[in-house]
Amino acid sequence: MFEVKICGVRLKSDVQAVGAAGSHAGKAVAIGLNFYPASARYVDPESAETAELSATAARAGILRVGVFVHETPEKIARIAAQVGLAAVQLHGDETVEEVDQLFELIEIDIIRAIKLPTGPISIEEIDEACQPWLEMGCGLLFDADAGSDHGGSGKTLDWPSIRSWADANPDIPWMLAGGLTPENVAEAIEVTGAKCVDTASGVEESRGVKSAAKIEEFIQAI
Ligand SMILES: O=C(O)c1ccccc1N[C@@H]1O[C@H](COP(=O)(O)O)[C@@H](O)[C@H]1O
C-alpha cells in the first residue's frame, strides 16, 4: 500500500514536505492523522483545517491513515468516511469484538498496532500477539509498548527479534514503527527486513512539530 508513513502531521506544510520527499526518493508515501485527543499530534476530525490537510494530501496522491485509540467503531467509521481515509490504525487496546464490529462498518484496511516490549522477544510471543488480528484480516504494525501514552514514544524495538519472526513468517506483510529516525531507519530496515516504515517523533524539531528537513532525510534514508 505504502512504503513509508509520516505520522502525526498537523500542518499543510507537513503534507507538502511529505509529498516532496516522496517524489524526490520515488517512494509511495502516506501520512498519519492522529485522532487521539491526548496526543501532542492530535488533529480535530471535525475541523476545516483537517479537511484541508486531507484534501491537500489527496491532491498530491498521498494516502491518509487515521490513528485511533479507544474510539467506538461507529465513530471511527464516520471519521474515516468524512476525512477520506485509506486505512485506520488502531493503537489502543481495542478488543477483537470491537474490531469485528469495525470490519462490518468499513471496507478500508484496518492496521492493528502490535505493541511489543523493547527487549528481546521470542517468535512464539510475537506470533501469539499477532494471531487474533491476522485471523481477522488486519494489517500488522509493530511498535514499542508506550504504556499509557499508547504510541509516539520514540522507543525502539529489539530489531533482531523482529527479524527472527519475519524470517519465520515470510508471507505475512507487516510494518515497522517505534523510534525510527533519519539516523537509524536504514539500519532498522537492514536488520529487520522491513518493507514499510512509520515514524512520528523521529521527524520532529519539538514534540508534535514536524521538521521538513528531517522528513526529507528520513525518506531519503530508506
Ligand atoms: O504519535 C502519537 O502521539 C501516538 C499516540 C497514540 C498512539 C499512537 C501514536 N503514534 C504512533 O506511534 C508509533 C511510533 O511513534 P514514534 O515514531 O516512536 O514516535 C507510530 O506508528 C505512530 O503512528
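Ligands are counted one by one from 1 in listed order, and the atoms in each one are counted from 1 as well.
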Exercise. Looking at ligand 1, does G178 have a heavy atom less than 4.0 Å from it?
Worked result: yes
For this session: Check ligand 1 against D149 and write out every atom of the ligand that is under 4.0 Å from a heavy-atom position of the residue.
Result: 5 (C), 6 (C)
Problem set entry | For atom 12 (O) of ligand 1, the protein heavy atom that lies nearest, with its residue and separation | G152 N, 2.8 Å
Exercise. Nearest protein heavy atom to atom 16 (P) of ligand 1, by residue and atom, and its distance?
Worked result: S201 OG, 3.6 Å
Exercise. What distance do L116 atom CG and S161 atom OG have between them, rounded to the nearest 0.5 Å?
Worked result: 9.0 Å
Seminar exercise, completed: Of all protein heavy atoms, the one nearest atom 1 (O) of ligand 1 is R41 NH1, 2.9 Å
Exercise. What do you reckon, does V65 put a non-hydrogen atom under 4.0 Å from ligand 1?
Worked result: no
Exercise. Of the listed options (H150, K5, H91, E204), which comes nearest to atom 11 (C) of ligand 1 when hydrogens are ignored and any heavy atom counts?
Worked result: H91
For this session: Could you tell me which atoms of ligand 1, counted from 1 in the order shown, lie closer than 4.0 angstrom to a heavy atom of L141?
Result: 21 (O)
Seminar exercise, completed: side-chain contact (heavy atoms from CB on, under 4.5 Å) with F35: of I79, V69, V88, only one passes, and it is I79
Seminar exercise, completed: atom 17 (O) of ligand 1 has as its nearest protein heavy atom A200 N, 2.9 Å
For this session: Considering only non-hydrogen protein atoms, determine which one is nearest to atom 4 (C) of ligand 1 and report residue, atom name and distance to 0.1 Å.
Result: N34 ND2, 3.3 Å
For this session: Report the member of C7, G179, A113, A144 with the shortest heavy-atom distance to atom 18 (O) of ligand 1.
Result: G179
Exercise. Are side-chain N/O atoms of E125 and S122 paired as donor and acceptor at under 3.5 Å?
Worked result: yes
For this session: Would you mind checking which non-hydrogen protein atom is closest to atom 21 (O) of ligand 1, with the distance to 0.1 Å?
Result: D198 OD2, 2.5 Å
Exercise. Tell me, do H70 and D93 make a side-chain contact under 4.5 Å, heavy atoms counted?
Worked result: yes
Problem set entry | Candidates W159, W165, W133 - the one meeting ring-ring contact (aromatic ring centres under 6.0 Å, His included) with F142 | W165
Problem set entry | T199 neighbourhood, listing ligand 1 atoms whose heavy-atom distance to it stays under 4.0 Å | 17 (O)
For this session: Note the single closest protein heavy atom to atom 13 (C) of ligand 1, along with its residue, its atom name and the distance in Å.
Result: D143 OD2, 3.2 Å
For this session: Find out whether L176 and K195 are in side-chain contact, i.e. whether some heavy atom of one side chain is under 4.5 Å from a heavy atom of the other.
Result: no
Exercise. A177 heavy atoms, cut-off 4.0 Å: which ligand 1 atoms fall inside?
Worked result: 21 (O)
Exercise. Can a salt bridge be assigned to the pair K214 and E204 using a cut-off of 4.0 Å between side-chain N and carboxylate O?
Worked result: no
Problem set entry | Check: G202 main-chain N/O paired with T181 side-chain donor or acceptor under 3.5 Å | no
Exercise. Can you list the residues that meet the ring pair (Phe, Tyr, Trp, His ring centres under 6.0 Å) rule with Y36, with sequence neighbours excluded?
Worked result: H150
Exercise. Name the one of K115, Q89, H91 that satisfies side chain to side chain donor-acceptor pair (under 3.5 Å) with D143?
Worked result: H91
Problem set entry | Residue G154 vicinity, atoms of ligand 1 by number, heavy atom under 4.0 Å | 16 (P), 18 (O), 19 (O)
Exercise. Would you say ligand 1 has an N or O under 3.5 Å from any N or O of A40?
Worked result: no
Seminar exercise, completed: Here the gap from R10 atom CZ to K210 atom NZ, rounded to the nearest 0.5 Å, amounts to 9.0 Å
Exercise. Among all protein non-hydrogen atoms, which one is nearest to atom 3 (O) of ligand 1, and what is the separation to 0.1 Å?
Worked result: S39 OG, 2.7 Å
